[in-house]
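Take this structure, written in structure tokens, and hold onto it; I'll ask about it next.
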Amino acid sequence: MAKTKVKFICQSCGYESPKWMGKCPGCGEWNTMTEEVIKASSSRKTVFNHSNQTVQKPSPITSIETSKEPRIHTNLKEFNRVLGGGIVKGSLVLIGGDPGIGKSTLLLQVSSQLADNGNDVLYISGEESVKQTKLRADRLGVKAQKLFVLAETDLSFISKAIEETNPGFVVVDSIQTVFHSEISSAPGSVSQVRECTAELMRIAKTKGIAIVIVGHVTKEGSIAGPRLLEHMVDTVLYFEGERHHTYRILRAVKNRFGSTNEMGIFEMKESGLEEVQNPSEIFLEERSKGAAGSTVCASMEGTRPVLVEIQALISPTSFGNPRRMATGIDHNRVPLLMAVLEKRVGLLLQNQDAYLKVAGGIKLDEPAIDLAVAISIASSFKDAPPKPTDVIIGEVGLTGEVRRVSRIEQRVIEAAKLGFKRAIIPEANIGGWSPPNDIEIIGVKSVAQALKHTLGG
């Protein structure tokens with residue numbers, strides 16, 4: 001009989017130990033070590049067998065011929081652009097997001113569009129029954145004849161269904177519900193997720209089938225389990241958005257076939273998700289012009305410039321320690337920029353509460369928004385509104401200087417399209433490109449100089 005042994009695996013980082021421990025030595029998390037039974041059987045088939053008996057020999061890189069990867073295009077241009085121009089055949093794509101954000105809705109719409117275009121599509125649901133999937137399809141108006149639905153969690157039956165159907169596109173919703181029958185641990189464990197993903201990767205590469213798998217996320221918003229899952233797949237997408245807002249953001253953080261940090265914006269409606277062609281207009285449509293503490297910044301999301309409104313509210317504190325709160329930007333950036341304003345510009349902000357927000361529910365993490373945040377804080381503190389036709393771009397250093405940012409030409413062109421008349425940019429970015437004729441370019445070296453141009457001092 002095959003010998004069995006027990007080991008304990010951390011469900012957060014994948015650390016293995018022969019005995020149970022309360023605290024994982026790998027990641028420091030408590031109560032994440034779970035027991036898994038390992039069967040030592042020599043007859044067990046591995047998921048890494050070669051698809052044929054030929055063994056490739058090393059060849060010089062200069063003699064390798066490359067060809068453009070064939071892609072499958074959907075009717076959602078935003079979805080195609082995030083993936084780098086369409087779905088690559090033979091690729092394995094991971095998409096994660098909060099519960100109820102619309103992952104299944106998006107993938108069912110994409111599956112329907114691909115099936116309408118003549119592709120055989122297999123939608124595998126491990127969390128819902130076939131009838132539940134049908135109810136969602138009726139709500140979305142999905143009536144594609146080539147869209148096949150299967151409710152299954154056993155990987156062996158899933159592989160058999162793919163073999164029989166031979167589709168061009170497969171959706172697995174979700175990978176945490178799928179299990180390998182030869183592994184004794186529970187579905188969703190590190191071993192199950194690793195082996196099931198490896199088997200789906202083998203199917204995708206050997207048969208040239210594009211497979212999309214859905215991954216659960218933790219309360220922090222990252223893909224659940226160790227990051228091994230993100231390393232194995234070709235593309236990692238995050239589907240984000242505030243639950244109380246109708247807008248959803250599809251963001252690429254890894255893509256072997258295109259640009260990373262791309263972003264596509266959708267609006268959730270009763271009939272499903274609809275793409276937003278010009279997100280800058282959406283984020284600025286309810287802006288209060290002439291309000292103190294409100295500025296507009298041009299931020300880059302991948303290769304796309306997006307204009308967003310940054311709002312600040314500065315008020316005297318009622319407590320001993322002033323509050324610093326931020327939504328949509330890193331909260332550590334707020335006290336840093338307030339310290340720069342206090343030390344380099346002379347604004348007394350140490351006894352002021354600061355509340356900052358990026359309107360529209362979008363999250364910004366690039367340094368080019370620093371100058372807009374600083375001017376919003378100063379504008380609210382002085383109760384002096386900036387000009388509503390100004391767009392502000394620049395990174396702020398600790399000495400109060402305004403530093404160069406990337407892709408300045410694309411940012412300014414996007415601002416000119418939306419009717420902005422003046423752009424406050426770093427002086428180091430002036431030169432080497434031609435700005436549009438209908439927008440004035442003002443270069444600044446410091447935060448104090450930028451405040452003179454925007455607030456008059």
Side-chain angles (χ1 to χ4, degrees), residues 78 81-82 221-222 236-242 247 249-255 258-265 276 278-280 282-284 294-312 324 326-341 354 356-377 390-418 420 423-430 433 441 443-444 446-447 450 454:
E78 293 287 296
R81 192 173 51 77
V82 171
S222 58
V236 179
L237 306 178
Y238 278 89
F239 203 41
E240 309 171 344
E242 297 289 338
Y247 297 109
I249 299 172
L250 184 66
R251 195 187 303 271
V253 297
K254 174 188 176 182
N255 194 351
S259 172
T260 57
N261 290 323
E262 272 299 354
M263 182 186 71
I265 300 180
V276 177
N278 194 339
S280 298
I282 298 295
F283 294 137
L284 299 178
S294 173
T295 59
V296 175
C297 175
S299 175
M300 292 299 301
E301 294 291 340
T303 59
R304 160 189 278 178
V306 178
L307 269 65
V308 293
E309 180 189 6
I310 298 177
Q311 298 175 340
R324 306 282 189 259
T327 303
I329 60 175
D330 184 9
H331 68 278
N332 294 319
R333 185 172 294 180
V334 177
L336 185 148
L337 293 174
M338 293 183 72
V340 172
L341 288 171
L356 275 88
K357 178 182 179 181
V358 179
I362 192 172
K363 295 181 180 179
L364 305 178
D365 57 359
E366 69 160 345
I369 67 171
D370 286 349
L371 187 58
V373 173
I375 292 178
S376 293
I377 294 172
D390 285 355
V391 61
I392 302 166
I393 309 164
E395 178 186 355
V396 175
L398 293 181
T399 60
E401 82 279 9
V402 179
R403 306 175 71 91
R404 179 196 302 268
V405 299
S406 62
R407 300 179 182 266
I408 188 65
E409 186 175 6
Q410 292 175 264
R411 301 174 196 258
V412 173
I413 291 175
E414 180 71 13
K417 286 181 181 178
L418 293 176
F420 287 87
I424 313 297
I425 69 172
E427 192 173 82
N429 278 117
I430 295 180
W433 58 283
I441 306 298
V444 294
S446 64
V447 177
T454 55

*Set of side-chain contact (heavy atoms from CB on, under 4.5 Å) partners for T295, sequence neighbours left out*: I310, A372, I375, S376, P386, I392
*Mind running side-chain contact (heavy atoms from CB on, under 4.5 Å) on I265 and L250 for me, showing each step along the way?*
CA-CA 6 Å; I265 300 180; L250 184 66; over 6 Å; no
*Would you check if D390 and F420 make a side-chain contact, meaning some heavy-atom pair closer than 4.5 Å?*
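D390 vs F420: side chains apart.
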*Using the test side-chain hydrogen bond (donor to acceptor under 3.5 Å, both in side chains), find all partners of S294 that sit at least two apart in sequence or belong to another chain.*
E309
*Considering residues at least two apart in sequence or located in another chain, which fulfil the side-chain contact (heavy atoms from CB on, under 4.5 Å) criterion with N278?*
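Result, side-chain contact (heavy atoms from CB on, under 4.5 Å) vs N278: S280, E281, E414, L418.
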*Could you pull out all residues at least two apart from R324 that satisfy salt bridge (Lys or Arg N to Asp or Glu O under 4.0 Å)?*
none
_Partner residues of Q410 under the side-chain hydrogen bond (donor to acceptor under 3.5 Å, both in side chains) criterion, sequence neighbours left out_ = R407
*Non-hydrogen atoms of P426 and I393 that approach each other most closely*: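 Shortest heavy-atom contact: CD-O, 3.2 Å.
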*What closest approach, in Å, do D370 and L337 show between heavy atoms, and which atom pair accounts for it?*
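Closest approach of D370 to L337, heavy atoms only: O-CD1, 3.7 Å.
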*asked:* Any heavy-atom pair between the side chains of V296 and V308 that's under 4.5 Å?
replied: no
*asked:* If I take atom CD1 from residue I249 and atom CZ from residue F239, how far apart are they, to the nearest 0.5 angstrom?
replied: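 Going from the CD1 atom of I249 to the CZ atom of F239 covers 9.5 Å.
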*Between R251 and E240, does at least one N-O distance fall below 4.0 Å, as a salt bridge requires?*
yes
*Can you name the salt bridge (Lys or Arg N to Asp or Glu O under 4.0 Å) partners of E409, sequence neighbours left out?*
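In terms of salt bridge (Lys or Arg N to Asp or Glu O under 4.0 Å), with neighbours along the sequence ignored, E409 is linked to no residue.
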_Chi angles and distances behind the side-chain contact (heavy atoms from CB on, under 4.5 Å) call for L356, T327_ = CA-CA 6 Å; L356 275 88; T327 303; over 6 Å; no
*Check salt bridge (Lys or Arg N to Asp or Glu O under 4.0 Å) between E401 and all other residues, then give those that pass, not counting sequence neighbours.*
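Testing E401 for salt bridge (Lys or Arg N to Asp or Glu O under 4.0 Å), a comparison that skips the adjacent residues, returns R403.
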*Can you find a pair of side-chain heavy atoms, one from I424 and one from I441, that are under 4.5 Å apart?*
no
*Report the residues that fulfil side-chain contact (heavy atoms from CB on, under 4.5 Å) with L398, sequence neighbours left out, ordered by chain and then residue number.*
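Checked L398 against side-chain contact (heavy atoms from CB on, under 4.5 Å); matches are L336, V340.
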_Residues I362, F283; criterion side-chain contact (heavy atoms from CB on, under 4.5 Å); working and verdict_ = CA-CA 9 Å; I362 192 172; F283 294 137; 3.9 Å; yes
*asked:* Let's go through V306 and L364 carefully: what are the C-alpha distance in whole Å and the side-chain angles of both, what is the deciding distance for side-chain contact (heavy atoms from CB on, under 4.5 Å) to 0.1 Å, and is it a yes or a no?
replied: CA-CA 10 Å; V306 178; L364 305 178; over 6 Å; no
*For the pair R333 and E395, find out whether any cationic side-chain nitrogen is under 4.0 Å from an anionic carboxylate oxygen.*
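The answer is no: the pair does not qualify as a salt bridge.
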*Is there a side-chain contact between E427 and R404, using heavy atoms and a 4.5 Å cut-off?*
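Result no, sub-4.5 Å side-chain heavy-atom pair not found.
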*For P335, what residues pass the side-chain contact (heavy atoms from CB on, under 4.5 Å) criterion, not counting sequence neighbours?*
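If we apply the side-chain contact (heavy atoms from CB on, under 4.5 Å) test to P335, skipping adjacent residues, there are no hits.
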*asked:* With a 4.5 Å cut-off on side-chain heavy atoms, are V334 and I329 touching?
replied: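 Yes. Closest side-chain heavy atoms under 4.5 Å.
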_Polar side-chain atom of R411 near backbone of L307 as donor-acceptor pair, under 3.5 Å_ = no
*N429 side chain vs V405 backbone, donor-acceptor pair below 3.5 Å*: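 Yes, because the side chain of N429 sits within donor-acceptor range (under 3.5 Å) of the backbone of V405.
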